[in-house]
Number of protein chains: 2
Amino acid sequence: MSLMATTQQVKRRATNQGAAVKEALAAEDTFRSAQDVYATLRANGEKIGLSTVYRHLQIFVDDGLADVIHKPDGESTYRLCGDASTTHHHHLVCRSCGKAVEIEGPAVETWADKVAAQNGFTDVNHTVEIFGLCAACAA
Amino acid sequence: MSLMATTQQVKRRATNQGAAVKEALAAEDTFRSAQDVYATLRANGEKIGLSTVYRHLQIFVDDGLADVIHKPDGESTYRLCGDASTTHHHHLVCRSCGKAVEIEGPAVETWADKVAAQNGFTDVNHTVEIFGLCAACAA
DNA sequence: GTGTTATCGGGAATCGTTCCCATTATGCCA
DNA sequence: TGGCATAATGGGAACGATTCCCGATAACAC
């Protein structure tokens, strides 16, 4: 994103399901799919529907509480990332286990904006994700 | 990609359909979805099935003739990019019309590899796509 | 030509995600 | 504290992109 970084939170109701989803995400520092989170919650005996999981994940993203990564296979994965005030950053993600490390690359940001401007592009944003095998999974 | 840059082409049969798909892609310098290409071909009276379009697009990717971009909405889009020997590059893509400009950022490549190495990640690759509105679409 | 076999294509199947809507539960106010 | 307005829920249907299956078709070699 580049414009509208407001992230204005709308009033929302506190529900068990919402808390459960957040908790599930908070439990791991990996990017997890909606289906995955749903399965985990159900396995824990949580009473929640798939729609609700999707709903909350999207809300977290809208509120700037979570980041999304679209895996090459098309699946969307989510991960809580600090709070809404955290600066823009990217991720180094393990292809195998999903574990992610937040990284920053100021140079990339400016480079992206410059290149876009040179080509007459406006309203620019970019995606930069680095995939690899973490030390643990390499074994 | 970082390893396996071999791009070994298997012997393939020359078919009208394969040629048609390549032609359709070659006609525009924009990233286009399989559905889009299929619709265009059918509109042109081409006799081809959707499966075949997907098949050839995937073949182009495997042979290193085309690049893929997974749009945020999950749709995959394809574009012919020089030939297999072309160097690794990224794209500046118009969110609206799909028009793409090939860009290079040597600094980004080295930065990505360095960051990954520092965190113990191996077998690294990365995706860098810049989205924006091209001058034409901004109007 | 003829035969072998890669390729085609249409429809069924899959998969992630969104939509719909009657039911439930939260938060506010009296 | 009780009751109400309405946000949130969830299960199943709907959807769109992609893949799979497999009998029919067409390339290429001899």
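Keep in mind that the numbers below use all heavy atoms, side chains included, and drop hydrogens, waters and symmetry copies. By convention in this document, chain letters (A, B, ...) are assigned in the order of the sequence lines, proteins followed by strands, and residues within each chain are numbered from 1. Keep in mind it's a predicted model, so treat the numbers as computed, not measured.
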Report the distance from atom [atom1] of [X] to atom [atom2] of [N], rounded to the nearest whole Å.
X        : N       : atom1 : atom2 : answer
Tyr38(B) : dG9(C)  : OH    : C1'   : 9 Å
His70(B) : dG16(C) : NE2   : P     : 16 Å
Asn16(A) : dA8(D)  : CG    : P     : 14 Å
Gln17(A) : dT24(C) : CD    : C1'   : 10 Å
Lys47(B) : dA26(D) : NZ    : P     : 8 Å
Ile48(A) : dT9(D)  : CD1   : C1'   : 9 Å
Leu57(A) : dA8(D)  : CG    : P     : 15 Å
Gln58(A) : dT18(C) : CD    : C1'   : 11 Å

- Test item: Tyr78(A) and Leu65(A) side chains (from C-beta on) under 4.5 Å apart, heavy atoms: no
- Residue pair Leu25(A) / Leu57(A), side-chain heavy-atom distance below 4.5 Å: yes
- Message: Rounded to the nearest 0.5 Å, what separates atom SG in Cys137(A) from atom CG in Asp123(B)?
- Response: 12.0 Å
- State whether the side chain of Arg32(A) and the backbone N or O of Ala24(A) hold a donor-acceptor pair below 3.5 Å, judged by distance alone. yes
- Determine the contact category for Leu50(A): base if any of its heavy atoms lies under 4.0 Å from a base atom, sugar-phosphate if only primed atoms, P, OP1 or OP2 are that close, otherwise nothing. base
- Query: Base, sugar-phosphate alone, or nothing: which one does His56(A) contact when heavy atoms must sit under 4.0 Å apart?
  - Reply: sugar-phosphate
- Listed in order of residue number, which residues of residues 23-37 of chain A have a non-hydrogen atom at under 4.0 Å from DNA chain D? none
Mind listing the N/O atom pairs, protein and nucleotides 27-30 of chain C, below 3.5 Å?
from, atom 1, to, atom 2, distance (Å)
dG27(C), OP1, Ala14(A), N, 3.0

- Message: Tell me whether the count of non-hydrogen atoms from other residues, nucleotides or ligands lying under 6.0 Å of NZ in Lys22(A) goes above 12.
- Response: no
- Is it the case that more than 12 heavy atoms not belonging to Gln118(A) sit under 6.0 Å from its CD atom? yes
- Looking only at side-chain atoms of Glu75(A), point me to the closest of dA27(D), dG10(C), dT17(C). dT17(C)
- The nucleotide from dC19(C), dG16(C), dA17(D) with an atom nearest the side chain of Tyr54(B) is dA17(D)
[Y] and [X] side chains, donor-acceptor separation under 3.5 Å:
X        : Y         : answer
His90(B) : Glu109(B) : yes
Asp67(A) : His89(A)  : yes
Glu46(B) : Tyr38(B)  : no

- Item | Salt bridge Glu102(A)-Arg79(A), side-chain N to carboxylate O under 4.0 Å | yes
- Task: Find which nucleotide of DNA chain D each of Arg55(A) and Gly74(B) is nearest to by heavy atoms, and output the residue with the more 5' nucleotide.
- Result: Arg55(A)
- Thr52(B) side-chain N/O to dG9(C) phosphate OP1/OP2 under 4.0 Å: yes
- Query: Has the side chain of Ser76(A) got a donor or acceptor atom sitting under 3.5 Å from an opposite partner on the base of dG16(C)?
  - Reply: no
